[in-house]
There are 2 protein chains.
Amino acid sequence: MTAARRRLEPDQRREQILRCAIRLFGERPYAAVSTTEIAAEAGVARGLINHYFGTKRELYLVVVRRMLRVPSSAGATVPSGSLRRRVQASVDWFLDSVSPHARTWVAVIGTEGVGSDPDVEAILAEADEIAVDQVLAAVGLDDCAPGHDQRRAMVRAYGAMVKAATREWLVRETLSRDELRLLLTQSLVSLVRDTFPEISGQTKPGSA
Amino acid sequence: MTAARRRLEPDQRREQILRCAIRLFGERPYAAVSTTEIAAEAGVARGLINHYFGTKRELYLVVVRRMLRVPSSAGATVPSGSLRRRVQASVDWFLDSVSPHARTWVAVIGTEGVGSDPDVEAILAEADEIAVDQVLAAVGLDDCAPGHDQRRAMVRAYGAMVKAATREWLVRETLSRDELRLLLTQSLVSLVRDTFPEISGQTKPGSA
DNA sequence: CCAAGTTGTTGACGCCGCGCCAATAGCGTC
DNA sequence: GACGCTATTGGCGCGGCGTCAACAACTTGG
């Protein structure tokens with residue numbers, strides 16, 4: 001009962017399989033999803049998956065990449081005003097762009113214990129770098145030389161907090177949107193205002 | 001050539017297999033490590049793994065649990081002094097306890113893209129809760145009622161930043177230990193001093 | 001309107017990893 | 001030294017994955 005096989009444009013078929021894969025990989029960990037299952041879900045022969053994506057693993061990587069494609073750019077307009085205002089605007093923009101994709105976004109960010117996959121990490125890392133660029137741009141510290149790498153590192157770390165806190169909001173619902181907004185804003189302002197100055201070349205003697 | 005099979009105490013054998021599993025799972029993602037490989041590494045028959053751990057998956061969970069067992073408690077003595085002093089002391093304690101297990105610790109914290117595993121998440125979550133307790137204790141806000149859940153949520157988010165920043169230090173080496181120390185201290189101080197007050201019950205009217 | 005070509009799609013084969021279980025053989029005991 | 005307990009083994013069956021040659025849907029030329 002192979003319900004009348006139909007011929008599709010490669011792109012359409014590819015997309016169709018990819019959609020099923022995205023859903024299944026979003027529900028269960030990699031090892032718990034079989035290509036047989038994905039194929040069945042898409043109503044195609046299992047071999048077709050290999051034809052389009054090569055390997056189960058490669059399909060998985062495509063899924064990860066796809067799920068990280070944020071609307072990104074678009075509102076890359078840096079607002080003006082005080083530091084706090086600019087930060088607040090960026091935070092709001094982030095929250096707005098996450099809201100629609102909530103479930104999907106959370107699945108991608110989800111941590112899965114031991115044994116990290118280099119390829120997956122590379123994809124996540126690339127997305128993080130873009131985010132860092134946006135944050136630094138919004139804050140107005142694009143790339144002044146001293147302490148450049150350290151600042152980026154710290155913003156990456158801040159990004160991890162953003163992800164975790166957003167999960168608290170979307171999944172555990174332990175934070176309201178306003179509370180999350182407050183947390184993200186305060187933290188970034190503090191980072192830029194208090195921490196950055198102390199690592200930019202000369203160690204500014206802070207009042208202990 | 002089954003190099004003269006030897007009989008061991010169950011605990012010893014279990015531990016031996018576990019050690020090999022820890023190493024391999026630390027190097028590659030779950031699906032890329034076979035029980036055959038673990039068995040070979042440990043110099044035992046593959047079936048023995050099932051005998052001791054039941055399932056590959058269960059073995060994996062034991063590995064995750066084991067790798068999260070921090071020296072924990074021990075120096076749970078809350079220091080006294082100003083907020084900043086107490087925070088600083090906690091940060092130092094954390095950095096000291098991570099240093100020895102660096103590689104292992106990082107492997108556990110590592111993120112692995114899409115499709116989170118509920119069981120793994122539960123284990124990580126439990127460890128996080130313990131960490132939150134320690135932080136709140138150090139800060140001196142054990143469990144005063146108003147805004148209790150929000151505070152815990154925010155500290156969990158802070159914990160994510162701690163992990164990420166520590167990775168920057170240990171893996172990417174983009175931050176020195178001192179810079180990391182500064183970042184973690186400043187952030188937590190800011191969190192407690194600036195953000196916490198605004199979510200404790202009455203919304204303190206902030207200067208817009 | 002049919003034949004030939006193009007190419008999306010299938011199904012089966014071989015391999016390997018995993019869970020299970022009966023058989024085997026260390027090691028202590030009488 | 002024989003016996004028994006149990007740690008340990010090895011192989012069976014199932015199922016997932018990658019490959020490949022055959023098949024058929026759709027297109028094009030006559």
Side-chain angles (χ1 to χ4, degrees), chain A residues 1-25 27-64 113-115 117 119-120, chain B residues 1-64 112-115 117 119-120:
Chain A
M1 63 157 278
T2 41
R5 80 161 76 168
R6 278 178 44 199
R7 219 180 150 90
L8 288 182
E9 288 291 304
D11 285 348
Q12 294 178 33
R13 190 62 85 189
R14 207 185 134 89
E15 197 58 29
Q16 175 198 8
I17 295 174
L18 191 53
R19 268 200 304 273
C20 297
I22 285 179
R23 192 158 43 76
L24 290 174
F25 278 131
E27 293 172 359
R28 269 167 286 149
Y30 177 81
V33 178
S34 68
T35 54
T36 306
E37 193 178 2
I38 298 174
E41 196 80 12
V44 299
R46 194 174 53 78
L48 204 58
I49 292 180
N50 297 103
H51 176 69
Y52 280 113
F53 298 94
T55 281
K56 178 189 177 185
R57 176 189 181 68
E58 293 179 78
L59 168 59
Y60 178 73
L61 293 179
V62 173
V63 169
V64 174
V114 182
D117 184 324
D119 296 314
V120 172
Chain B
M1 64 159 283
T2 42
R5 82 159 79 166
R6 278 180 41 200
R7 220 181 151 87
L8 287 182
E9 287 292 305
D11 284 349
Q12 294 178 35
R13 187 65 81 190
R14 210 185 131 89
E15 196 59 29
Q16 174 200 7
I17 295 174
L18 191 54
R19 267 199 305 274
C20 296
I22 286 179
R23 191 157 45 75
L24 290 174
F25 279 130
E27 293 171 359
R28 268 167 287 151
Y30 177 80
V33 177
S34 68
T35 55
T36 306
E37 194 179 0
I38 298 174
E41 196 79 12
V44 299
R46 193 174 52 78
L48 203 58
I49 291 180
N50 298 102
H51 175 68
Y52 279 114
F53 298 94
T55 283
K56 178 190 178 185
R57 177 189 180 68
E58 292 179 79
L59 168 59
Y60 178 73
L61 293 180
V62 173
V63 169
V64 174
E112 177 171 357
V114 182
D117 184 322
D119 296 315
V120 173

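Each chain gets a letter, A, B and so on, in the order its sequence line appears, and its residues count up from 1. Everything quoted here is computed from the prediction, not taken from an experiment.
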Length of the CZ-C1' vector between A/R6 and D/dC26, whole Å: 13 Å
I need the full list of salt bridge (charged side-chain N to carboxylate O under 4.0 Å, His left out) pairs touching residues 36-54 of chain B, with sequence neighbours left out, sorted by first then second residue. B/R23-B/E41, B/R28-B/E37
Which atom pair, heavy atoms only, marks the closest approach of A/Y30 to A/K56? O-NZ, 3.2 Å
Return the minimal non-hydrogen interatomic distance between A/I49 and A/A39, and the atom names on each side. CD1-N, 3.7 Å
With 3.5 Å as the limit, what N/O pairs link the protein to nucleotides 21-23 of chain C?
none

Look for any protein N or O under 3.5 Å of an N or O in nucleotides 28-30 of chain C and output each such pair with its distance, or none.
none

Can you find a heavy atom in the side chain of B/Y60 that is under 4.5 Å from one in the side chain of B/V120? yes
At under 4.0 Å between heavy atoms, what does B/R46 touch on the DNA or RNA strands: base, sugar-phosphate, or nothing? base
Starting at CG of B/L48 and ending at P of D/dT9, how long is that distance when rounded to a whole Å? 6 Å
Stepwise, does the side chain to side chain contact (heavy atoms under 4.5 Å, CB included) test hold for B/R14 with B/V62? CA-CA 11 Å; B/R14 210 185 131 89; B/V62 173; 4.2 Å; yes
With sequence neighbours excluded, residues passing side-chain contact (heavy atoms from CB on, under 4.5 Å) with B/E15: B/L18, B/R19, B/R66
Counting only non-hydrogen atoms, which of residues 32-40 of chain B are less than 4.0 Å from DNA chain D? none
Let me know the distance between CD of A/E9 and P of D/dA25, rounded to the nearest Å. 17 Å
Under the criterion side chain to side chain contact (heavy atoms under 4.5 Å, CB included), I'd like the reasoning laid out for B/T35 against B/L59: C-alpha separation, chi angles, the key distance, then a yes or no. CA-CA 10 Å; B/T35 55; B/L59 168 59; 5.6 Å; no
Rounded distance in Å - CG (B/L59) to C1' (C/dC18): 13 Å
Separation of atom OH in B/Y30 from atom C1' in D/dG16, rounded to whole Å: 13 Å
Give me the atom names and distance for the closest heavy-atom approach of B/R13 to B/Y52. CG-CE1, 3.5 Å
Over how many whole Å does the gap from A/R57 atom CZ to C/dG17 atom C1' extend? 17 Å
Just how far, in rounded Å, is P of D/dA7 from CD of B/E15? 16 Å
Could you identify which residues of residues 49-56 of chain B place a heavy atom less than 4.0 Å from some atom of DNA chain C, listed by residue number, or say none? B/N50, B/T55, B/K56
Tell me: CD1 of B/I17 to P of D/dT9, nearest whole Å? 9 Å
Of B/R7 and A/P10, the one whose closest DNA chain C nucleotide lies more 5': A/P10
Between B/F25 and B/I38, does the side chain to side chain contact (heavy atoms under 4.5 Å, CB included) criterion hold? Intermediate values first, please. CA-CA 9 Å; B/F25 279 130; B/I38 298 174; 4.0 Å; yes
